[in-house]
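Only a predicted model underlies this, so the values are computations on that prediction, with no experimental measurement involved.
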Amino acid sequence: MLLQLSISGLAMGAIYGLVALGFTLIWNAVGIVNFAQGELVMLAAFVSVASMSQALHLPWAVNLLLTIIFMAGFGVLMARGIYHPLRNAPQLCAIVATLGLSIFLKNSAVLAWGPEPLADPGPLQNATVTLGSAKIYGQHLLILVTMIVLVILQVVMFRSTAIGKAMR
C-alpha cells in the first residue's frame, strides 16, 4: 500500500514538475514568467480529452499528435500576440498579460467544455502493474518516465545545443 501511494504521489509531483519545466523553458527563452502555464496544461488536456478523444473518438496516437500541433499553434499565437509585443516592456506588463491570459483560458474552458471534470482512460486504458500487494497504474509509470525523459532532454538542450546555450 505504501509503495502504491508513493508512486501515485510521485506521479502527481511529476505533473507539477512538467509544468515547472514549462516555466523554466519560457523564462530561459523570453525572460517572462508565464502565469498562465497551468492553464496551458489545462487547455491541452481539454483539447485532448474533450475534443479529440470524446467528441471525435480519435485513436490515442492521432489525438496526441493533433493536440501537440494545436498547442504549438497556440504557442505561436501567444508568442506573437503577447510575448513579442512585451519583450521591451517592464516586467509588470508581462505579469499582467499572462495573468489576463490565465483568467481568459479558465473562463473559456468552462464555456467550451463545462464546469464538470472529464475522465479519460488514457493510452494505457487503466492498465495496472502488480508489485506485491501494490497495484500501480501504468499511467503513473508513464508520467514518471515522461518526466525523466523530458528533464534529460531539457538539460541536454540547455547544455549541448547552440540555441540552448544562447537561451542560458
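Grouped by direct or indirect side-chain proximity (heavy atoms under 4.5 Å, Ile/Leu/Val/Met/Phe/Trp/Tyr only), V96 sits with L92.
Atom NE2 of H140 sits about 7.5 Å away from atom CE of M12, to the nearest 0.5 Å.
Inter-residue side-chain proximity for W27 and N34 is flagged as unmet; no heavy-atom pair is nearer than 4.5 Å. D120 has its side chain within reach of W60: a pair of non-hydrogen atoms, C-beta onward, lies under 4.5 Å apart. Contact check for E39 versus L101: no side-chain heavy atoms found under the 4.5 Å cut-off. Inter-residue side-chain proximity for V62 and L66 is flagged as met; some heavy-atom pair is nearer than 4.5 Å. T128 has its side chain out of reach of I136: every pair of non-hydrogen atoms, C-beta onward, lies at least 4.5 Å apart.
Two different hydrophobic clusters hold M147 and I26 under the rule that ILVMFWY side chains link at heavy-atom gaps under 4.5 Å.
Using a distance-only test at 3.5 Å, with no hydrogens or angles considered, no donor-acceptor pair links the side chain of S102 to the main chain of T98. Proximity of a side-chain donor or acceptor of Q4 to a complementary backbone N or O of K135 within less than 3.5 Å is detected. S48 places no side-chain N or O within donor-acceptor distance of the main-chain N or O of A44, the cut-off being under 3.5 Å. In this structure, T24 contributes its side chain and A20 its backbone to a donor-acceptor pair below 3.5 Å. Of the possible donor and acceptor atoms, none in the side chain of R159 sits under 3.5 Å from a partner among the backbone N and O of V156. Between the side chain of N107 and the backbone N or O of I103, at least one donor-acceptor pair lies under 3.5 Å.
Surrounding OH of Y16 are at most 12 heavy atoms belonging to other residues, nucleotides or ligands under 6.0 Å away. Around CD1 of I163, the count of heavy atoms belonging to other residues, nucleotides or ligands within 6.0 Å does not exceed 12.
Contact between L40 and M71 at its shortest, heavy atoms only, is O-CE, 3.5 Å. When every heavy atom of A11 is checked against every heavy atom of I143, the shortest pair comes out as O-CG2, 3.5 Å. When every heavy atom of A89 is checked against every heavy atom of C93, the shortest pair comes out as CB-CB, 4.0 Å. When every heavy atom of H84 is checked against every heavy atom of R87, the shortest pair comes out as O-NH1, 2.6 Å. Listed here is the closest heavy atom pair of P85 and A79: CD-O, 4.1 Å. Contact record, A119 with V49: O-CG1, 4.1 Å, taken as the closest heavy-atom pair.
F46 pairs by the ring pair (Phe, Tyr, Trp, His ring centres under 6.0 Å) definition with W113, not counting sequence neighbours. Partners of F35 under the ring pair (Phe, Tyr, Trp, His ring centres under 6.0 Å) rule, at least two apart in sequence or in another chain, do not exist in this structure.
The aromatic rings of F70 and F74 lie parallel to each other, with less than 30° between the two planes, well short of the 60° mark.
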